[in-house]
Amino acid sequence: MKGYRKYFLNKLGWFLVTFVFAFILNFTLPRLMPGDPVAAIVSRLAQGMSNATGVQAIYQQYADLFGTNKPIIEQFFLYVRNVAQGNFGFSFSQYPRPVADVLASSIWWTVCLQFPAIIVGWLIGNTLGALAAYLRGGFDKVLMPISIFVSNLPQFGMAIILLVVFSITLKWFPVAGGYGFDLMPSFSWEFIWSVIKHYQLPFFSIVLIAIGGQAIGMRSMSIYELNADYVKYARFLGIKDRKIIGYVFRNVMLPQITGLALSLGTMIGGALVAEIVFSYPGLGYTLLNGISGQDYPLISASTMIVTVMVLVANFVIEILYGLIDPRIKAAQAD
Amino acid sequence: MGKVILEVRELTTKYITRFREDVYAVDHVSLKVEEGKSLGIAGESGCGKSTLALSLMGYYFPPLHYMSGDIIIDGKNISGMKPDDIRKSVLGTEIAYIPQAAMNALNPTQKVINFIEDVIRAHDNTASNKYIYEMARVSFEKLGLPADVLQKYPVELSGGMKQRTVIAISAILSPKVLIADEPSSALDVTSQKMVIKMLRNLMEDGIIKSMIFITHELPLLYNVTDDIMVMYAGQIVEKGSAKETVFDPLHPYAKGLMGSIIVPEEGLRNVKLTAIPGVPPNLKKPPSGCRFAERCKFVMPQCRAISVGIREVENGREYRCIIPEDQLREAYKNA
Amino acid sequence: MKHTLQQVFRSGKFQLGFVIFTTIILTVIIYPMIITDPPLSIIGQGTFFPPGIYVSTYDAVNSPTTYTLNLRDAAAKRIANRLSKEDRLAMQEWLLADGVPASEIDINDTGKLLALWETKYDPKAKVEGMTFARQRYFQRVNASIQGIMSTEGFTLGVKNPESGVLEETGTINQSDFVNINQVPNVRFLVLGTDNFGRDVLTELISATRVSLMIGFIAGLIATLIGLTLGLLAGYIGGLVDDIIMFVTNLFTVIPSFVLLILISFSIGQEQRGAVTVAIVIGFTSWVWTARAVRAQVVSLRNRDHVNLSKLSGHSIVHIILTDILPYIASYVVMALILQISSGILAEASLSILGLGPKTTEVPTLGLMMNWAMIYQAHVQGSWWAYFPVLLTIALITFSMNLMNTGLDQVFNPALRD
């Protein structure tokens, strides 16, 4: 267990370092924007507002909030303090809603949609890829071209195709949103049923793309592994093929798990764009609103949340991986 | 003459490529290995010696296919047996294999002992873990390997240690024939020596009854094995005792092979180092005449026309050339 | 080298990918030579004109020669075309109310439906349970059907500019035809128009060119950065390796699209040209190449030929150029291909988020997608505005990936089937 603790601490350390770094980037990059963001924002907000003292008050509020008139270091610590208190400021485009409030309602939509979809897609994709590598022949010949084509489709493309075919043409699923427009979020059966109906299509669009990519990766890894020297050696010692296949797939699954951790960022990025196609009320849609409304606090907070989501998911996968791969403990022990 | 442990008669196997072409990598090969003896197989890479090693196991999977011939181990012909019977009652117990790249021969996510458990259970599924551990510990220690190797993952072992572990595993069921395919070529000199010593011990202790050793390093064969067989383009071109084959090669290819290697042996030190020009023929369409004709210094028109058979000479030596042995020796002297 | 190329071209997957990709490139080059219209010029007033051949009505009427063709089914076709779905449903409703069995009414068979109507409909008949207003409605339907059935031609008139009186200049009969070759203004809009009334095909081809360019620039930048860092980290090792790998690992975990969004947003709409976007994409996507190149270089670093070169006193640059690069060249080419296609995808995603290149200069595949989405082309059924764009994106990435798989099969024989 000592080896694993070392591994765990190592990964935890990495997690914290990346977190701090991501935090700094998130703070710095938007501040490179030329001009005074607060002035630009206030002038937009104040459109149609004739009360000059009102405009002045808003300006003062933002300037205080972001500390734009203070030195950059001080601004940074102000930002750290605010974020630590869950205070991301007010949303410009949905004033006077606080950003934290806007995000709180959208983050769960994204988490509940993307993580299950990515995990399901990963599992199915790996199973299919392994089968294709093992069975070869017809199964492989049908599955592979489809997988290659599907995985080359951008995530939003898959979303649009599913939407047009199943929602607009066949009318099996609703066209947009996370629940019916005529409903208010509540714990009624009607609402839950509506949520489920709206959930399926975005879910499948993410699952399908994930299947394509994973199946291809798994297949080539498995083919490599099936030709590995230890497979040949084990065969010549009289070990049954079924047992050897067991070795192979266990060994191939391990890098696929780390692969998932590494590609999680890209997958979530694609899925956020797919959310937009379905007007799903998650982070992707919030981000789109932020961008079209030039809502800088909202964008900054959304990207921060997405980064944290990816980092945490990554960390969890690495930790689980350490438990599964026997070599980790062995290698860390010495 | 001792008891024949392994006899191979006219064994032919082929590869089927993905373009559905046949490549006859082992072409009518016959050989005999007696109890307590070892046979070395030499040749350039691609000459079919590794394929021969695989073919001798009698257990074929694509792209390698069995065509014809017999493999007789200790009087039992295994060529006609069902693959699953071969797996259960021949592999590991009658004939065992040491792969070329022992570095990757062990499953990286399995402890050595767990792999040994799988090996032994494949032949005897009643064996208890405790019994297997004891058995493995005893045989490892007998071969000079520390018992704690058993509890390790392959990544924790050094290259030489991994190779010796693989040899110990191959020998764990005391096979009658052990086939070692370049077991030492990727190792440093010290590890090489230990590997060779270990193989010798296996023979001397009677754990294995005979051995086939495959390498492209001829001096090694001269030191390790009793007999040497030289392969070229899927065929045997020369066979004889180690000493005669190294010091008095008959076939021009064998002669060339000796000439292309620096051998620190008495009597060979003054031999000029000469490479054999050209490349081996494409086995998808082997030439109808002598397969070495294109690269042979002594080639004659009839070489390309007629297929050359094996010629037997004194001391049980064999070679595949239309030129008589004294003329060959004469030619080598003048060259 | 020649042998390797031959092998590459023998791979079926590579061939297919190569053919698709070359076709796209050739189309992008040749099409603008033939159709020289500026891709962003607005030609249509209104949104989403469906694909088809557009004939100037004015020129058709004024065509120098009119031909009379007596076609047997012309009238039937004309009526079928003009009889709206609404009218058909109304007819069905009345006929059902009149007691005609539902099985006898087929609203898609115009001839039978009209015949049935002719025999059954009686404007004076009182149908049980039908309100007066409804009856009036059916009378109007009947009137419009009679209008459609009319065999009269149109009378052409021109307003006299002086008196303001309408003067008859001619008639158009139902059997009058013009030869489309004699109509001076005919425009074939293969893919219709988009939400701004621009020719989708011309726009699409220009967008493909720009997107490919973005992909190439982004891919080249990413590959160059990745290659340089990978070579330095892998070959020099030590502290340099540690630092580079630290940075690389950081950017592996921090999602690149987050950086892409932040940077693009920071640059601001006005400064974001296509090239700028390409550069930003390139600078955020080198991580994978760096990792992979480093891994390859580390395995090459201690090979005999490299050691020999070191012993011979060659400089680092010389060793990298002659002893390392050639061995990883095939790999780098494959990485470049992947980077190009993911660059094209990144641009598309950014544009959908509204962070794509500035919209006024050039179209890109992503911007076209963005416009189609904003104007709800997919909900309205205007498939020509988004589907060809999606297909182009998919074909580009698909073909590049196929070429890559082909290359991979040549360089990694284990993957061959």
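Only a predicted model underlies this, so the values are computations on that prediction, with no experimental measurement involved. Chain identifiers are assigned alphabetically (A, B, ...) following the order of the sequence lines, protein sequences preceding nucleic acid strands; residue numbering begins at 1 within each chain.
For the residue pair C:Ile261 and A:Thr303, the shortest heavy atom distance occurs at CG2-CG2, 4.1 Å. Closest heavy-atom contact between C:Val253 and A:Asn314: CG1-ND2, 3.4 Å. Closest heavy-atom contact between C:Leu390 and A:Pro154: CD2-CG, 4.3 Å. Between A:Gly265 and C:Pro255 the shortest heavy-atom distance is CA-CB, 4.0 Å. The shortest heavy-atom contact between C:Ser349 and A:Val273 is CB-CG2, 4.0 Å. The nearest pair of heavy atoms linking C:Leu353 to A:Ile291 is O-CG2, 3.4 Å.
Going from atom CG of A:Asn152 over to atom OG of C:Ser341 covers 6.5 Å, rounded to the nearest 0.5 Å. The CD1 atom of A:Ile168 lies 5.5 Å from the NE2 atom of C:His378; values are rounded to the nearest 0.5 Å.
Within the 6.0 Å centre-distance limit, the rings of C:Phe251 and A:Phe21 are counted as a close aromatic pair.
Contacts between A:Thr18 and chain C at a heavy-atom distance below 4.5 Å involve backbone atoms as well as side-chain atoms. Using a 4.5 Å cut-off between heavy atoms, A:Leu272 touches chain C through its side chain atoms alone. Within the 4.5 angstrom heavy-atom criterion, atoms from both the backbone and the side chain of C:Ile352 approach chain A. Only the side chain of A:Ile160 comes within less than 4.5 Å of a heavy atom in chain C; its backbone stays farther off. Contacts between A:Ile148 and chain C at a heavy-atom distance below 4.5 Å involve backbone atoms as well as side-chain atoms. Contacts of C:Ser256 with chain A are absent, with no heavy-atom separation under 4.5 Å from either backbone or side chain. For C:Met369, the part sitting under 4.5 Å from any heavy atom of chain A is the side chain, from C-beta outward, and nothing else.
Put simply, the side chain of A:Thr307 never gets that close to the backbone of C:Ile254: no donor and acceptor are under 3.5 Å apart.
Looking only at side-chain heavy atoms (C-beta outward), C:Phe257 and A:Thr266 stay at 4.5 Å or farther from each other. Side-chain contact between A:Val164 and C:Trp383 is absent, with no heavy-atom pair separated by less than 4.5 Å. Considering only heavy atoms from C-beta on, A:Leu153 stays 4.5 Å or farther from C:Phe398 through its side chain. The side-chain heavy atoms of A:Leu25 and C:Leu262, taken from C-beta on, include no pair separated by under 4.5 Å. With contacts defined as side-chain heavy-atom distances shorter than 4.5 Å, the pair A:Phe149/C:Leu402 does not qualify. Between A:Leu262 and C:Arg291, the closest side-chain pair of non-hydrogen atoms falls below 4.5 Å.
The number of heavy-atom neighbours closer than 6.0 Å to CZ of C:Phe283, taken from other residues, nucleotides and ligands shown, is 12 or below.
Of the residues considered (C:Leu355, C:Ile344, C:Ile393, C:Leu391), C:Leu355 shows the highest number of contacts with chain A, using heavy-atom pairs under 4.5 Å.
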